[in-house]
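The structure appears below as structure tokens.
Residue numbers begin at 1 in each chain, while the letters A, B, ... track the order of the sequences. Computed from a prediction, not measured in an experiment: that's the story for all the values here.
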Amino acid sequence: MDLYERVIELSRRRGFLHPSFEIYGGLGGFYDWGPRGARLLENVLDLWRQLYVVEEGLMEVSTPTIMPRRVFEASGHLEGFVDPMVDCEGCGRSFRADHLVDNHVDLVADSLSNEELQEVIDGEELGCPECGGPLSEVYDFNLMFGTTVGPGRGQEAYMRPETAQGIFVAYPRLYRYARERLPFGAVQVGRAYRNEVSPRQGVIRLREFTQAEVELFVDPEEKVHDGFDRVSHRKLNLLSSGKQLDGEAAERRSLREAVDEGDLQNTLFAYHLHVVDRFLTALGIPEGDLRYRQHLPDERAHYAADCWDAEVNLDRFGWVEVVGLADRTDYDLSRHSGHSGRDMSALRPLDEARESTVRRVEVDMSSLGPRLREDASPVVERLNERAAAGEVDGGDVSVEVEGSTRVVRGEEYEVVEEVERVRGETFTPHVIEPSYGVDRAVYAMLEKAFRSEEVEERERRVVSLPRALAPVPVAVLPLTDDAEMRHVSSEVARRLRGNGFVVEVDTSGNIGRRYRRQDEIGTPLVVTVDQVTVDPESEGHRTVTLRSRDSMEQVRVGLEEVEASVLRFVQDGADLAEIGE
RNA sequence: GCGGCCAUGGUCUAGUGGUAGGACUUCAGCCUUCCAAGCUGAUAGCUCGGGUUCGAAUCCCGAUGGCCGCACCA
């Protein structure tokens with residue numbers, strides 16, 4: 001059994017994670033987070049929100065998972081989220097049609113339509129590269145799940161393949177809420193859907209998954225973060241595209257150095273790489289199993305200016321992308337603006353409003369209108385242009401309109417001068433996007449927390465999750481099945497729950513068995529109520545033991561100090577020894 | 001989507017054309033009283049759908065799921 005299998009087996013058994021729809025045989029690419037897993041996921045998302053919503057001050061939104069066709073026409077997913085495929089009618093293998101054409105013809109097949117690909121395949125008489133058999137027609141395989149809204153034929157709609165689009169389409173309102181000042185950012189946590197061709201890698205490749213995305217709207221001329229100096233000394237394992245092409249490994253470098261040497265394009269991007277790193281490190285991913293890899297030029301989406309993936313080294317799958325950080329430029333807003341006709345720009349205020357004098361004409365339309373009829377409007381337009389250029393002086397003017405010459409008499413118009421104040425210039429913001437695959441992150445967390453050791457010739461499995469993120473932060477166990485111990489235990493549990501802790505009370509089986517159970521669900525601290533606790537004659541009356549998951553050490557504390565001790569241990573990361581003093 | 005291998009209680013597994021077994025877990029009781037101890041008992045299983053057969057968990061076909069290889073991964 002490899003590590004992945006061991007982690008999945010424990011996850012199934014202990015309620016972290018299991019295949020969905022099991023009673024009906026399951027379905028590839030769908031997993032349930034069970035009672036422990038769902039808590040863990042929520043705790044991880046709370047941490048994520050702490051970083052982005054609380055500390056970075058970004059606004060969180062929540063938008064539908066189903067969106068009408070037009071959204072994806074604009075985003076490019078309808079067209080671009082497809083792969084042109086052909087199947088071999090001999091051996092049944094499937095191939096990317098464009099790759100096939102690329103390999104045989106000196107063309108950039110990316111830009112070809114399916115019809116053009118078909119023509120090339122027919123013209124070159126291409127067959128199956130494996131068996132030489134005949135090929136099917138070129139067809140599109142779109143990775144979006146389609147549906148309809150409303151009865152009958154309804155309206156064509158799709159499940160979102162990323163949460164980002166919901167933010168982009170709401171941009172005009174979000175910009176207002178940000179009081180029309182850049183930079184600002186919106187985040188969203190939610191499900192996204194991709195009809196993967198082959199979701200083979202268990203929980204690493206899901207058809208429905210949890211995404212947490214950040215969209216930072218910035219002035220393309222101001223891709224800076226004023227907090228960068230605070231974090232610029234931090235070192236990350238960076239693997240630039242240049243290094244990859246040279247066959248080199250990632251190198252631990254400071255963000256400052258990477259920016260100075262041009263591997264990272266700006267301090268905004270670098271700063272957010274650091275936020276990603278803080279998050280993944282807080283999940284307990286060791287530095288050595290974490291690297292930041294820049295996309296190679298041909299790997300990057302065509303609209304992205306730059307893209308780095310945070311990758312975690314997993315036992316079975318190797319380096320797996322968990323977070324993508326992309327500079328999407330103005331692609332998304334420009335596309336949605338173009339398709340919707342809505343203004344998706346922002347204003348860059350000038351230090352001082354620029355004033356300029358504009359000359360235009362005021363025309364007596366009651367005279368000009370009846371006289372020139374349909375030529376009147378174009379004539380006025382031309383007249384205004386010429387007035388602005390200072391070419392009219394108030395006398396009669398001849399204007400060319402569609403080949404004929406019309407005259408505007410001096411008494412029919414007047415040149416006026418107006419002062420126009422320009423407060424700023426408009427532009428389409430750029431988007432910097434950190435995008436998290438939360439399920440992958442949580443799996444990585446479980447794998448890195450999983451530990452197995454021999455204790456007295458028996459295997460002890462421990463899930464050493466970060467204390468504050470564990471699904472059950474503390475358990476209360478009566479040492480034996482004694483009425484008084486039980487009573488005190490439930491009292492302790494009640495008080496801990498009153499402090500906001502999820503508490504498990506377990507009274508079944510001997511104490512060792514129960515400790516092992518808590519070890520496997522990752523409970524960092526166990527409170528044990530024993531004989532001494534309930535014995536008024538004993539010196540330790542009204543004290544309990546605290547037992548640490550990671551060291552298996554125990555200390556005694558008074559019943560009255562339990563809540564404070566648990567808080568210090570779980571939330572502040574205090575040592576057990578110092579709590580026991 | 002293709003090919004190969006596979007599918008037995010919660011978990012890990014044995015098994016065979018004729019009553020499905022073990023280990024661990026879980027639950028109850030006894031015992032024990034700080035790290036999966038012991039004893040007794042209990043719950044719980046042949047992925048699903050067809051076919052062959054007197055009889056199918058076993059053989060055949062299909063579906064679903066898993067693993068490996070190919071392909072795919074905006």
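- The aromatic ring centroids of Y443(A) and Y4(A) lie less than 6.0 Å from each other.
- S240(A) places a side-chain heavy atom less than 4.5 Å from the side chain of W308(A).
- There is no side-chain donor-acceptor pair under 3.5 Å between W319(A) and D309(A).
- Of the residues near RNA chain B, G509(A) and F209(A), the one whose nearest nucleotide (by heavy atom distance) lies more toward the 5' end is G509(A).
- Taking atom CZ of residue R205(A) and atom P of nucleotide A71(B), one finds them 14 Å apart after rounding to whole Å.
- Nucleotides C70(B) and A57(B) have their C1' atoms positioned 33 Å apart, rounded to a whole Å.
- When the C1' atom is compared between C31(B) and C39(B), the two are found 8 Å apart, to the nearest whole Å.
- Q294(A) and S241(A) share a donor-acceptor pair across their side chains, judged by distance under 3.5 Å alone.
- With C1' as the reference atom, U47(B) and C6(B) are 12 Å apart, rounded to whole Å.
- Scanning atom types as modelled, no donor and acceptor separated by under 3.5 angstrom connect the side chain of R513(A) and the base of C35(B).
- Taking atom CG of residue L479(A) and atom C1' of nucleotide C35(B), one finds them 10 Å apart after rounding to whole Å.
- Map Q554(A) and R517(A) each onto its nearest nucleotide of RNA chain B; the residue landing nearer the 5' end is R517(A).
- Note on E520(A) versus R13(A): salt bridge recorded, some NZ/NE/NH1/NH2 to OD/OE distance being below 4.0 Å.
- In this structure G3(B) sits in a base pair with C68(B), meeting the Watson-Crick or G-U test at under 3.5 Å.
- Between the C1' atom of C35(B) and the OH atom of Y515(A) lies a distance of 7 Å, rounded to the nearest Å.
- Rounded to the nearest Å, the gap between the C1' atom of A44(B) and that of U11(B) is 12 Å.
- Among the protein residues, S508(A) comes within range of the sugar-phosphate backbone only, with heavy atoms under 4.0 Å from sugar or phosphate atoms but none that close to a base.
- In this structure, A23(B) and U11(B) make a Watson-Crick or G-U wobble pair, each of the two defining distances being under 3.5 angstrom.
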So which protein nitrogen or oxygen atoms get under 3.5 Å of nucleotides 64-68 of chain B's nitrogens or oxygens?
{"from": "U64(B)", "atom 1": "O2'", "to": "G25(A)", "atom 2": "O", "distance (Å)": "3.0"}
{"from": "U64(B)", "atom 1": "O2'", "to": "G26(A)", "atom 2": "O", "distance (Å)": "3.2"}
{"from": "G65(B)", "atom 1": "OP1", "to": "G28(A)", "atom 2": "N", "distance (Å)": "3.0"}
{"from": "G65(B)", "atom 1": "O4'", "to": "G25(A)", "atom 2": "O", "distance (Å)": "3.2"}
{"from": "C67(B)", "atom 1": "OP2", "to": "R200(A)", "atom 2": "O", "distance (Å)": "3.1"}
{"from": "C68(B)", "atom 1": "N4", "to": "R200(A)", "atom 2": "NH1", "distance (Å)": "2.7"}

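- A donor-acceptor pair under 3.5 Å links the side-chain atoms of Q188(A) to the main chain of T163(A), judged by distance alone.
- Residue L10(A) contributes atom CG, which lies 17 Å from atom P of A36(B) at whole-angstrom precision.
- The side chain of E520(A) lies closest to A36(B) when the candidates are A36(B), C35(B), U26(B).
- Of the C1' atoms belonging to G4(B) and A20(B), the separation is 29 Å, rounded to the nearest Å.
- A heavy atom closer than 4.0 Å to some atom of RNA chain B occurs in T528(A), D530(A), these being the qualifying members of residues 525-544 of chain A.
- Across all strands shown, R461(A) has heavy atoms under 4.0 Å from base atoms, whether or not it also approaches the sugar-phosphate.
- With respect to R495(A) and E491(A), no salt bridge is recorded, no charged nitrogen being found less than 4.0 Å from a carboxylate O.
- Comparing the C1' positions of U58(B) and U8(B) gives a spacing of 11 Å, expressed to the nearest Å.
- Here the side chain of D439(A) pairs a donor or acceptor atom with the backbone of T210(A) at under 3.5 angstrom.
- Side chain of H541(A) to backbone of T533(A): a donor-acceptor contact under 3.5 angstrom is found.
- Following rounding to the nearest Å, N195(A) (CG) and C72(B) (P) show an atom-to-atom distance of 17 Å.
- Spacing between atom CG of D481(A) and atom P of U32(B) amounts to 13 Å, rounded to whole angstrom units.
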Under 3.5 Å, which N/O atoms of the protein pair with N/O atoms of nucleotides 8-13 of chain B?
{"from": "U11(B)", "atom 1": "O2'", "to": "E9(A)", "atom 2": "OE2", "distance (Å)": "2.6"}
{"from": "C12(B)", "atom 1": "OP1", "to": "R12(A)", "atom 2": "NH2", "distance (Å)": "3.1"}

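- Nucleotide G49(B) forms a Watson-Crick or G-U wobble pair with C61(B), both donor-acceptor distances falling under 3.5 Å.
- Between R316(A) and E5(A) a salt bridge is recorded (basic side-chain N to carboxylate O distance below 4.0 Å).
- On a pure distance criterion of 3.5 Å, no polar donor-acceptor pair joins the side chain of Q518(A) and the base of A36(B).
- Using Watson-Crick or G-U wobble geometry with both donor-acceptor distances under 3.5 Å, A56(B) finds no partner in any strand shown.
- As rounded to whole Å, 16 Å separates atom P of U32(B) from atom CZ of R514(A).
- The side chain of V455(A) sits closest to C35(B) out of C27(B), C35(B), C34(B).
- Checking T528(A) against Y515(A) by side-chain atom types alone, a donor-acceptor pair falls below 3.5 Å.
- By the 6.0 Å contact criterion, CD on E79(A) is open, its count of non-hydrogen atoms from other residues, nucleotides or ligands being 12 or less.
- Using C1' as the reference atom, C34(B) and A42(B) are 28 Å apart when rounded to the nearest Å.
- Classification of E459(A) and R6(A) as a salt-bridged pair holds, one side-chain N sitting under 4.0 Å from a carboxylate O.
- A salt bridge links D530(A) with R556(A): the distance from a Lys NZ or Arg NE/NH1/NH2 to an Asp or Glu carboxylate oxygen falls below 4.0 Å.
- You'll find that the side chain of R547(A) is closest to C35(B), out of C35(B), C34(B), C27(B).
- For G65(B) and C46(B), the C1' atoms lie 16 Å apart once the distance is rounded to whole Å.
- In this structure, D519(A) places its CG atom 13 Å from C1' of C34(B), rounding to the nearest Å.
- If you check every strand for non-hydrogen atoms under 4.0 Å, R460(A) touches nothing.
- In this structure, A28(B) forms a base pair with U40(B), meeting either the Watson-Crick or the G-U wobble geometry with both donor-acceptor distances under 3.5 Å.
- Dashed line: the shortest gap from a side-chain N or O of N510(A) to OP1 or OP2 of A37(B) is under 4.0 Å.
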